[in-house]
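Here is the structure we will look at, set down as structure tokens.
Just so you know, these numbers use all the heavy atoms, side chains as well, and skip hydrogens, waters and symmetry mates. As the structure is a prediction and not an experimental result, all values here were calculated from the model. Numbering of ligands and ligand atoms starts at 1, following listing order.
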Amino acid sequence: MARAVAAYYARRDPFGAAGDFTTAPEISQAFGECLGLWTAVLWQRMGRPDPVLLVELGPGRGTLMADALRAIAQVMPGFRAALRLHLVEQSPVLRAAQAARLADAAPTWHDATEGLPPGPALILGNEFLDALPIRQFVRRGGAWRERFVEGGAFVEGPAEDAPPLPDAAPEGAVREVGEAALALAAGLGARLAAQGGAALFLDYGPAESGFGDSLQALARHAAADPLAAPGEADLTAHVDFAAIAAAARAGGAVTAGPLPQGIFLQSLGLVTRAAMLARARPESAGMQLSAAQRLIAPEGMGRLFKALALCHPGLRHPGLPPLPGFETA
Ligand code: SAH
């Protein structure tokens, strides 16, 4: 699965109407702007470190970061001057798109978070965790078996070197474990606790760990057979937010959320921002408002998508106001 994901992104730009799927930053510029303002508030709370790393994991076309940087430059020029942009991206095609879009900010690219330089950091990741590989385990006769892909089909075999799994589960239950995402969260948790800063992840998945097969392939905006054409469809799985948060806390960070994306974006002012955009550009007013609605409405992306923050313990404790967007968490 890991190879299929890497191969998929390495060869194409999958976003937008002509591609396989679309994401929040491609739907409304207000999304990236709100996330940029989130990092600006955190930078102030950190005591305005200069320099500071601004990092995006899996930046796609660079749209979120372009919108974030524009908003940051407007409201907090000091932060814009202090930040050094670092992008974690493996796809050569998408790195080229990011280079064109973000040339003004002279980004540095990395294959993985381990390559980031040390120092206080503000980190964003939208629909990044769901693209990381998962393992699937199936409950059979009171024990766990692992599901593998062999000869273009799913087969079950012994669960060797299995991560911790629940002791009890109904027959046939599927448990998914995203070991790469958990290792990433633990590593970032340790990094943020030692060097300062915060990370914000937006992705889709339940707030509580559970059972179920969420492996999904998307091609041309429709569900596809995950095994039909390896590397030709986008493979994703639901993110286990509770497990990610626990891994980050074990690393030493403090967490906020997961909170439904709709609530998070509304408290960051996304609706107000979309209304401003609609007034400024009456010809696209309807589009601006329906885009914001799609990101926030429970039947759109507002409920299944969640926001989760990790940060240094000094940035979130009872003596401080809640992290922006997490006031109700
Ligand atoms: N954040 C963007 C793109 C989401 S798609 C948006 O919201 O539109 C997932 C992104 O993660 C792509 O840029 C993909 O190339 C990148 N990616 C997937 N697996 C990765 C990995 N293991 N390491 C680094 N980047 C990865």
Backbone, side chain, both or neither: what part of Asn126 comes under 4.0 angstrom of ligand 1, heavy atoms only? both
Close-contact set for ligand 1 against Gly60 heavy atoms, below 4.0 Å: 2 (C), 3 (C), 13 (O)
Just to be sure I'm reading this right: ignoring hydrogens, which of Gly125, Gly58, Pro133, Ala24 gets closest to atom 3 (C) of ligand 1? Compare them by their nearest heavy atoms. Gly58
Does Phe15, backbone or side chain, put an N or O under 3.5 Å from an N or O of ligand 1? no
When the aromatic ring centroids of Phe154 and Phe148 are compared, is their separation below 6.0 Å? no
Would you check the N or O atoms of Gln98, main chain and side chain alike, for any that come under 3.5 Å of an N or O of ligand 1? no
Taking everything shown except Glu150 itself, do over 12 heavy atoms lie less than 6.0 Å from its CD? no
Between Trp43 and Phe79, does the ring centroid distance fall short of 6.0 Å? yes
Does any N or O atom in Glu127 lie less than 3.5 angstrom from one in ligand 1, N or O only? no
Between Ser91 and Tyr8, do the side chains contain an N or O donor and an N or O acceptor separated by less than 3.5 Å? no
Hey, is Leu132 one of the residues with a heavy atom under 4.0 angstrom from ligand 1? yes
Numbered atoms of ligand 1 (with element) below 4.0 Å of Pro25, judged on heavy atoms: 6 (C), 7 (O), 8 (O)
In terms of heavy-atom contacts, does CG of Asp161 have more than 12 from other residues, nucleotides or ligands at under 6.0 Å? no
Options Tyr8, Trp109, Phe128, ranked by nearest heavy atom to atom 20 (C) of ligand 1, top entry: Phe128
Parallel, tilted or perpendicular: ring planes of Phe264 versus Phe326, cut at 30 and 60 degrees: tilted
Would you say Arg80 has more than 12 foreign heavy atoms packed within less than 6.0 Å of its CZ? yes
Atom indices of ligand 1, in the order listed, that fall short of 4.0 Å to a heavy atom of Leu94: 12 (C), 13 (O), 15 (O)
